[in-house]
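To start, the structure under review is shown below, and the notes come after it.
What you see below is based on every heavy atom in this structure, not just the backbone, and it leaves out hydrogens, waters and symmetry mates. Everything numeric here is computed off the predicted structure, so don't read it as measured data.
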Amino acid sequence: MSALVGPLGGAAGGLLLTGGEAVGRVAPVVGGVLGLGGVAVAALPSRVRMRRELRRRWRTWALAAPVFLGSLFFGEAGAAVLAAGLGLIAVGEYVRMAPGGTVGAERHVLAAAAVVLPLLAWLRPQWLDARLMAVLLLAAALPALLSGDHTTGAARAARTLFGLLWIPAALTGLVLLGGTAVAVGVAVALGDVGAWCGGTALGRRGALARPLSPLSPNKTWAGVLGAAVATAAALAAVGAFTPLLWGAVLAGCVLGDLLESMVKREAGVKDAGSWLPGFGGLLDRIDSLLVAVPLAMVVTL
C-alpha cells in the first residue's frame with residue numbers, strides 16, 4: 001500500500017499513513033455527509049424545482065463514493081486501476097467532443113495513454129520525467145505526421161496533446177499522491193457541492209452575483225466563496241488542511257469547471273455525456289479533479 005504524502009504524512013507533516021488508513025480517516029466524514037444529504041433531499045417538498053435532479057445526483061454520489069474510496073484503499077495498485085478506468089471513459093468523451101471528430105489514430109493514442117501512464121506511475125514512477133514529455137509530444141503529433149495532414153495536422157496534434165495532459169497525465173496523480181489523493185478527492189467533491197450551494201444562496205444579486213467568466217455565465221463569485229468554505233472545511237475535517245493544499249484544491253474546483261466549459265462550448269454541447277444520472281458525463285463530474293490533482297502534486301510532492 002502506498003504511503004500518504006504531504007499534509008497527512010511524509011515530509012510535509014508528521015504521521016505516515018497508508019492509503020487504507022487514509023480512507024479509514026475520511027470514510028466517517030463522507031458517510032456523514034452522504035447521510036445528511038440523503039435526509040435533506042428526501043425531505044425536499046414537491047414544489048422545489050430541482051428536487052428530482054438533486055435526488056439523482058445524490059444517488060450518483062452514493063454509488064461513486066465507495067468506488068473511489070474503495071479503489072484508493074488498496075494503495076497504488078487500486079489507484080492505478082481507478083485512474084485507468086476513469087481515463088478510458090473520460091478520453092472517450094473528450095474525443096466525441098473534439099471539433100470535427102478525432103481520427104482513429106489519435107483515439108488510440110489517448111486510450112493507450114489512459115492505461116499506460118497510471119501503470120507507469122505505479123510500477124515505474126522514475127520514468128515520469130522530462131523524457132516522458134518528449135514521448136507524449138511525439139505521440140500526439142505522429143498520427144498527423146504519418147498521414148501527411150497539411151491542413152489540420154497542427155490542430156489535431158495540439159488537440160491530442162491537450163487531451164493527454166488534461167486527462168491521462170493528470171490522473172496519474174491519483175497514484176503518485178498516495179493517500180493524499182483521498183483527501184483531495186473528498187475535498188474536490190465537497191467543494192463542487194459548496195460552489196452550487198453558494199451560487200444558489202448568494203449568487204442572485206449583488207457583487208457576488210457577477211459571472212466568473214463568459215465561458216460559464218452561471219458560475220459566479222458566490223460559487224467561488226461557497227467552494228472556498230467547503231474545501232477548507234473538508235480538508236480540516238480529514239486532517240489534511242494546509243494553505244497550499246487548500247489553494248490547489250480551490251483552484252481546481254474553479255478552473256477545472258471553466259476548462260471543461262471551454263471545451264464544451266467549442267464543441268457546441270451542454271454536457272460531455274448523458275449516462276451519469278444528475279451530471280451528464282464523467283468529465284462533467286471529474287473536471288475539477290483533473291486540475292486539482294496536478295496542482296496538489298505541485299504543492300505536496
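The CG atom of Asp287 sits 9.5 Å away from atom CG of Leu258, with the distance rounded to the nearest 0.5 Å. The CH2 atom of Trp58 sits 6.5 Å away from atom CG of Leu34, with the distance rounded to the nearest 0.5 Å. Going from atom CG of Leu244 over to atom OG1 of Thr300 covers 9.5 Å, rounded to the nearest 0.5 Å. The distance from the CZ atom of Arg59 to the CZ atom of Arg56 is 7.5 Å, given to the nearest 0.5 Å. The CH2 atom of Trp122 sits 9.0 Å away from the CD atom of Glu76 when rounded to the nearest 0.5 Å. The OG atom of Ser274 sits 9.0 Å away from the CD atom of Glu93 when rounded to the nearest 0.5 Å.
Counting only N and O atoms by type, the side chains of Ser288 and Asp257 include no donor and acceptor under 3.5 Å apart.
Side-chain atoms of Asp284 and Glu260, non-hydrogen and from C-beta on, do get closer than 4.5 Å to each other. Inter-residue side-chain proximity for Arg51 and Pro45 is flagged as unmet; no heavy-atom pair is nearer than 4.5 Å. In this structure, Leu120 and Val116 have side chains that are in contact, with non-hydrogen atoms separated by less than 4.5 Å. Trp61 places a side-chain heavy atom less than 4.5 Å from the side chain of Val193. In this structure, Thr160 and Leu110 have side chains that are in contact, with non-hydrogen atoms separated by less than 4.5 Å. With a 4.5 Å cut-off on side-chain heavy atoms, Thr220 and Pro211 do not count as touching. Taking 4.5 Å as the limit, some side-chain heavy atom of Arg285 sits within range of a side-chain heavy atom of Asp192. Between Ile286 and Leu290 there is a side-chain heavy-atom pair separated by less than 4.5 Å.
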Steps toward side-chain contact (heavy atoms from CB on, under 4.5 Å) verdict (Val263, Leu283): CA-CA 11 Å; Val263 174; Leu283 278 173; over 6 Å; no
Leu250 and Val254: CA distance, side-chain angles, deciding distance, side-chain contact (heavy atoms from CB on, under 4.5 Å) verdict: CA-CA 6 Å; Leu250 178 58; Val254 176; 4.2 Å; yes
Side chain to side chain donor-acceptor pair (under 3.5 Å) between Thr151 and Asp149, worked out: CA-CA 6 Å; Thr151 55; Asp149 187 349; 3.0 Å; yes
Candidate pair Val293 and Leu171, rule side-chain contact (heavy atoms from CB on, under 4.5 Å), full reasoning: CA-CA 7 Å; Val293 165; Leu171 287 172; over 6 Å; no
side-chain contact (heavy atoms from CB on, under 4.5 Å) between Val23 and Phe74, intermediate numbers included: CA-CA 10 Å; Val23 171; Phe74 292 101; over 6 Å; no
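Closest non-hydrogen pair, Val188 versus Ala292, comes out as CG2-CB, 3.5 Å. Across all non-hydrogen atoms, the minimal contact from Leu276 to Gly281 is CD2-O, 3.8 Å. Ala84 approaches Val115 most closely through the heavy-atom pair CB-CA, 4.2 Å. Shortest non-hydrogen contact noted between Val41 and Arg55 is O-NE, 3.1 Å. Nearest heavy atom pair, residue Ala187 against residue Thr231, reads O-CG2, 3.5 Å. Minimum interatomic distance between Ala65 and Val30 (heavy atoms only, all atoms of both residues): CB-CG1, 4.0 Å.
Counting only distance, with no hydrogens or angles, the side chain of Lys219 and the backbone of Leu212 share no donor-acceptor pair below 3.5 Å. For Thr242 (side chain) and Leu245 (main-chain N/O), a donor-acceptor pair under 3.5 Å exists by modelled atom type. Counting only distance, with no hydrogens or angles, the side chain of Arg265 and the backbone of Leu215 share a donor-acceptor pair below 3.5 Å.
Heavy-atom neighbours of Trp246 CH2 from other residues, nucleotides or ligands within 6.0 Å: at or below the threshold of 12. More than 12 heavy atoms of other residues, nucleotides or ligands lie within 6.0 Å of CH2 in Trp275, so this atom counts as buried by the packing criterion. For Glu266, the CD atom sits in a loose shell: 12 or fewer heavy atoms of surrounding residues, nucleotides or ligands are nearer than 6.0 Å.
Criterion: ILVMFWY side-chain heavy atoms under 4.5 Å apart, direct or through other members. Under it, Leu138 and Leu161 are not part of a common hydrophobic cluster. Note: the hydrophobic cluster containing Leu282 does not contain Val81 (ILVMFWY, side chain heavy atoms under 4.5 Å, direct or indirect links). Tracing side-chain contacts under 4.5 Å through hydrophobic residues (I, L, V, M, F, W, Y), one never reaches Leu142 starting from Leu132; they form parts of separate clusters. Linking Ile, Leu, Val, Met, Phe, Trp and Tyr residues whenever their side-chain heavy atoms come within less than 4.5 Å leaves Leu137 and Leu145 in two separate clusters.
Applying the side-chain hydrogen bond (donor to acceptor under 3.5 Å, both in side chains) rule to Asp271 yields no partners; only residues at least two apart in sequence or on another chain are considered. Under the salt bridge (Lys or Arg N to Asp or Glu O under 4.0 Å) criterion, Arg205 pairs with no residue at all, not counting sequence neighbours.
Applying the 4.5 Å side-chain rule to ILVMFWY residues, one finds that Leu63 remains a lone member of its cluster.
Ring orientation note: the planes of Trp166 and Tyr94 are nearly perpendicular, at an angle over 60° on the 30°/60° scale.
Between Glu21 and Arg25 there is no salt bridge, since no side-chain N of the basic residue sits under 4.0 Å from a carboxylate O of the acidic one.
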